[in-house]
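As structure tokens, the structure follows; a few thoughts come after it.
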Amino acid sequence: MQRLRADCLFWKDGKPLLDGVPYSGVAYEIDEEVCRDIRAFEGGEEIPFLSYDLLGLSEIASIFEEDALDELIYPEPVYCMDGKQISGAVLSFDGQYCYREARILDGMVYDYVGYFEDGSLERYRFLPSTVVSRAQFYQDGFLKTFDLFEPGTTSLRIRCDSKGKITSLSIDANLHALLLRLPEVFVPNLLRVQVIRSEEDLFGFEFSSRVRLHGRGIGERLGVFLDGLVQSEYLEISNCSLSSDTLRTLISRFHGQALEITTDGLSPSEVRGLASCDVAYELTVKAAD
């Protein structure tokens, strides 16, 4: 669903047209660089905007066009108007289309949603507490990146190929505790685009042909991932605190071309000794630095 300035649409009998076709999308009514109204349409007919309001703009009194504000650059941008830091929301436009909606508190962006030109979701960052949830998407909707963290730490890091299959997965030992502290977000629609809110969400991913696993939170979850991982062609595992039984199972079940293990527990020779016979793939075992 496109997201355009209302003044780029042609209005006939109170209904919007785009290039002569009844408009389907969101229309931002901007007057003197302030957003006066946001409406949604399907085939030229108005429908409730609430279904498309990912950021809760319906509940915000002050919504500004970014060009109306002064932007001061500190470590992070700070938005001001008439010398005062603002609170509310900011809309960023590239020509006629909106590419970002952001919630602002005391001049600082703390939540935002970014869009491609066709209106599909391109990225988001939600900061309902000290826990940050951040994601990017490919234009066809597949996940590109996801991070869940608190300042100074990264508990979960996902990188995906163009089909949304994991190429790199990093899980810290504190992931479970962090998920428990992740509060319910303030706008129900955000739940539709939140990538990870529970361990079950994480286990629904598929793996790409080349995969890298990292972090001490991998070990306890490897059994759940194993069926997908052993189908990869190239698998690299590092700093994952895997038990000898888990390593033995992984080595025996892997059927790709190359498996590389960086061990921080058993010695490389002990890990190689877990193979019950000569493996048919390239097995590399290294000691952690």
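Just the heavy atoms: all of them, side chains too, but no hydrogens, waters or symmetry mates, feed the values below.
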Over all atoms of both residues, closest heavy-atom pair of F41 and M1: O-CE, 3.6 Å
Intermediate values then yes/no, side-chain contact (heavy atoms from CB on, under 4.5 Å), R134 and F149: CA-CA 9 Å; R134 180 176 66 192; F149 61 95; 3.7 Å; yes
Heavy-atom closest pair, residues P268 and V285: CA-CG1, 3.5 Å
Residues forming a side chain to side chain donor-acceptor pair (under 3.5 Å) with E33, sequence neighbours excluded: none
Test side-chain contact (heavy atoms from CB on, under 4.5 Å) applied to L9 and Q96, step by step: CA-CA 10 Å; L9 303 171; Q96 300 298 334; over 6 Å; no
Same apolar cluster (I L V M F W Y, side chains within < 4.5 Å links), V90/I30: no
Side chain S232, main chain L235, donor-acceptor under 3.5 Å: no
Sub-4.5 Å side-chain heavy-atom contact between I237 and L250: yes
S133 side chain to L148 backbone, donor-acceptor under 3.5 Å: no
Within 6.0 Å of CD in E282, more than 12 heavy atoms from elsewhere: no
Identified side-chain contact (heavy atoms from CB on, under 4.5 Å) partner of C160 from the options T145, L169, L143: L143
D19 atom CG: more than 12 heavy-atom contacts under 6.0 Å: no
Same cluster (ILVMFWY, side-chain, under 4.5 Å), W11 and I38: no
Any side-chain heavy-atom pair of I60 and L55 under 4.5 Å: no
Non-hydrogen atoms of L17 and K12 that approach each other most closely: CD1-CB, 4.3 Å
L179 side chain near L156 side chain, heavy-atom distance below 4.5 Å: no
Inter-residue atom distance F225.CZ - I218.CD1, 0.5 Å rounding: 6.0 Å
Shared hydrophobic cluster for V109 and L54 (ILVMFWY, side-chain gaps under 4.5 Å): no
Heavy-atom side-chain proximity of P16 to L18 below 4.5 angstrom: no
Reported CZ-to-CZ distance for the pair F126 and R103, which is rounded to 0.5 angstrom: 10.5 Å
Aromatic contact, Y79 with F64 (centres under 6.0 Å): no
Single hit among R100, Q2, E101 for side-chain hydrogen bond (donor to acceptor under 3.5 Å, both in side chains) with Y115: E101
Expected output: side-chain D53 to main-chain F49 donor-acceptor under 3.5 Å: no
Side chains of S120 and D118, donor plus acceptor under 3.5 Å: yes
Chi angles and distances behind the side-chain contact (heavy atoms from CB on, under 4.5 Å) call for L4, Y23: CA-CA 10 Å; L4 304 176; Y23 177 61; 3.7 Å; yes
side-chain hydrogen bond (donor to acceptor under 3.5 Å, both in side chains) pairs, two or more places apart, involving residues 166-175: S155-N174
Point-to-point distance, once rounded to the nearest 0.5 Å, from NZ of K165 to CD of E206: 5.0 Å
Aromatic Y234 / basic R210 pairing, under 6.0 angstrom, 45° off normal: yes
Any R157 side-chain heavy atom under 4.5 Å of H214 side chain: no
Validation row: K84, D82 side chains within 4.5 angstrom (heavy atoms): no
Under 3.5 Å: donor-acceptor pair, side chain of D161, backbone of K163: yes
hydrophobic_cluster_shared for L178 and F203, side chain cutoff 4.5 Å: yes
Path from L121 to F116 over hydrophobic side-chain contacts below 4.5 Å: no
From S162 atom OG to Q139 atom CD, the distance as rounded to the nearest 0.5 Å: 13.0 Å
Gap separating the CZ atom of R5 from the CD atom of E29, nearest 0.5 angstrom: 11.5 Å
Residue pair E66 / Y99: nearest heavy atoms and the distance that separates them: OE1-OH, 3.8 Å
R123 side chain near Y112 side chain, heavy-atom distance below 4.5 Å: yes
CD1-CD1 distance between I158 and I196, expressed to the nearest 0.5 angstrom: 4.5 Å
Identified side-chain contact (heavy atoms from CB on, under 4.5 Å) counterpart of I261 within the set I251, L274, L213: I251
Side chains of R221 and L175 in contact at under 4.5 Å (non-hydrogen atoms): yes
Stepwise side-chain contact (heavy atoms from CB on, under 4.5 Å) check, V195 with F137: CA-CA 10 Å; V195 175; F137 299 86; 3.9 Å; yes
Residues E150 and T153: side-chain donor-acceptor under 3.5 angstrom: no
